[in-house]
Structure formats: C-alpha cells, structure tokens
Amino acid sequence: MGGMSGPYVIRGSVSLPEAELMWRFSRSSGPGGQHVNTSDSQVELRFDLAKTESLPPVWKERALAKLAGRLVDGVVSVRSSEHRSQWRNRETAAVRLASLLAEATAPPPRARRATRIPRGINERRLREKKQRGDMKRGRSGRDWT
C-alpha cells in the first residue's frame, strides 16, 4: 500500500501539519489473534498544540481553551487500536485528531436574539388551552343525573 492518504483537512484550507505530528507505536490489545503479540499495531498520535505555528492564532486560542482538560503540557494525543493493521490505525488516529481539532477550533455559535411572542399568538394559545381543559372536564360524568 502507498503512504498516508493525503493531508487531513481540519477546516477550509488548514490541514494537519505532517511535520508536527508525533507518532508512537506499541503492541495493541485490540483484534489480531496471535499477530497482536508480534506487531506494534496500536498507534498514538501526538500534536503539540501549544507550540504549533500551522493554526491561525484565533483557532489556536480556541482549541487550547476547549481542549484544556485533554492537554498534557500543551500536547493533545489520540490513540487508535481498533484495526489489525498499523496503517489503518494511523489513518483512524489522524482522522480522529483532525475532527477533534475541527470541533475545538469551530467558532462559537451565534448568540440567540431574544424575540417577543406576538400577543395574538399567546392569547390564542391560552384560549385553546382553556377549551381543551373544558372539553376534558366535560368528559367526567360527575354531574350527570
């Protein structure tokens, strides 16, 4: 098989900088039978978020704030061991890191503008509520003679 399947895009034109990714391989506890005992198929991918120059400064600040709980000395790490082959685990880890960073660098959602409910709509709702209550009250047969 060839190399990695191209740059992993975080968002827009920004992608994971291949040079700044630190890979570590170890024996996996995942699938693989006896193959597991002999091959380093578990992948740990680390990315130094604090020192990177490849993310726009605004994104970097956002990511550092959002991922604060996951960072160890400014480094974010992702593990993958669900495949038998190291190559597929590398793919999975890279994709996972890219989506993690995409989520962490996303701009905050727009603030909701408070709007008033038109009086007519509110009155109609209350009127319908009252009718429904009356209808249900009418179902109980307590005042039948």
Side-chain angles (χ1 to χ4, degrees), residues 1-140:
M1 290 211 165
M4 302 293 282
S5 63
Y8 294 92
V9 177
I10 296 174
R11 204 169 54 251
S13 60
V14 182
S15 55
L16 282 179
E18 204 68 52
E20 294 181 32
L21 300 179
M22 297 170 278
W23 298 93
R24 206 165 78 204
F25 308 103
S26 54
R27 299 224 172 129
S28 173
S29 62
Q34 290 162 336
H35 176 70
V36 157
N37 307 329
T38 59
S39 66
D40 293 345
S41 60
Q42 175 173 284
V43 170
E44 186 184 355
L45 172 57
R46 298 170 59 194
F47 177 63
D48 198 335
L49 192 54
K51 292 197 185 94
T52 186
E53 294 295 322
S54 57
L55 293 180
V58 187
W59 286 24
K60 191 167 149 180
E61 279 168 38
R62 261 188 228 143
L64 284 169
K66 277 197 187 155
L67 298 174
R70 278 195 70 149
L71 298 177
V72 180
D73 298 332
V75 176
V76 63
S77 73
V78 175
R79 263 211 179 97
S80 172
S81 60
E82 53 265 23
H83 301 293
R84 276 189 63 148
S85 87
Q86 185 193 91
W87 189 79
R88 285 184 55 202
N89 279 331
R90 285 178 69 150
E91 291 283 301
T92 311
V95 168
R96 216 177 272 167
L97 181 64
S99 65
L100 183 72
L101 288 175
E103 211 172 289
T105 57
R110 300 221 345 235
R112 182 186 175 280
R113 264 184 40 214
T115 55
R116 290 200 42 221
I117 298 172
R119 202 164 81 218
I121 288 178
N122 213 14
E123 283 172 359
R124 187 180 77 202
R125 181 181 64 85
L126 292 173
R127 198 169 49 248
E128 287 172 0
K129 214 171 137 112
K130 190 129 193 74
Q131 282 174 348
R132 172 128 346 247
D134 290 344
M135 187 200 320
K136 288 185 171 186
R137 205 173 299 112
R139 289 181 190 154
S140 69

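What you are looking at is a predicted structure, and each value in this text was computed from that prediction instead of being measured.
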Is Arg70 salt-bridged to Glu103, cutoff N-O under 4.0 Å? no

Indicate yes or no: at least one non-hydrogen side-chain atom of Pro107 is less than 4.5 angstrom from one of Arg62. yes

For Arg110, which residues count as a side-chain hydrogen bond (donor to acceptor under 3.5 Å, both in side chains) partner, sequence neighbours excluded? none

Nearest 0.5 Å please: distance from the CD1 atom of Ile121 over to the CZ atom of Arg116. 12.0 Å

Tell me if the CZ atom of Arg88 is crowded by more than 12 foreign heavy atoms within 6.0 Å. no

Between the CD atom in Gln42 and the NE2 atom in His83, the distance rounded to the nearest 0.5 Å is 13.0 Å

Heavy atoms from other residues, nucleotides or ligands near CG of Leu126 exceed 12 (cutoff 6.0 Å): yes

To the nearest 0.5 Å, what is the distance between CD (Glu44) and CZ (Arg24)? 4.5 Å

Working to the nearest 0.5 Å, report the span between CG of Asp73 and CG of Leu49. 12.5 Å

Derivation and outcome, side-chain contact (heavy atoms from CB on, under 4.5 Å), residues Leu101 and Leu67: CA-CA 9 Å; Leu101 288 175; Leu67 298 174; 4.3 Å; yes

Here the gap from Gln86 atom CD to Phe25 atom CZ, rounded to the nearest 0.5 Å, amounts to 4.5 Å

Nearest heavy-atom approach of Val78 to Ala93 is CG1-O, 3.8 Å

Give a yes or no on whether the backbone of Arg79 and the side-chain of Arg96 come within a donor-acceptor separation of less than 3.5 Å. yes

Among Lys136, Gln131, Lys130, Arg132, which residue meets the side-chain contact (heavy atoms from CB on, under 4.5 Å) test with Asp134? Lys130

Please name all residues satisfying salt bridge (Lys or Arg N to Asp or Glu O under 4.0 Å) with Arg27, sequence neighbours left out, ordered by chain then number. Asp40

Where the side chain of Asn89 meets the backbone of Ser41, is there a donor-acceptor pair that is under 3.5 Å apart? yes

Once you round to the nearest 0.5 Å, how far does CZ of Arg90 lie from CG of Leu21? 9.5 Å

Less than 3.5 Å apart, any donor N or O on the side chain of Asn122 or Arg119 sitting next to an acceptor on the other? no

Provide the closest heavy-atom pair for Ala94 versus Leu45 in the form atom of the first, atom of the second, distance. CA-CD2, 3.6 Å

Yes or no on side-chain contact (heavy atoms from CB on, under 4.5 Å) for Ile117 and Arg125, after CA distance, side-chain angles and deciding distance? CA-CA 11 Å; Ile117 298 172; Arg125 181 181 64 85; over 6 Å; no

Is it the case that atom CD in Glu128 sees more than 12 heavy atoms from other parts of the structure closer than 6.0 Å? yes

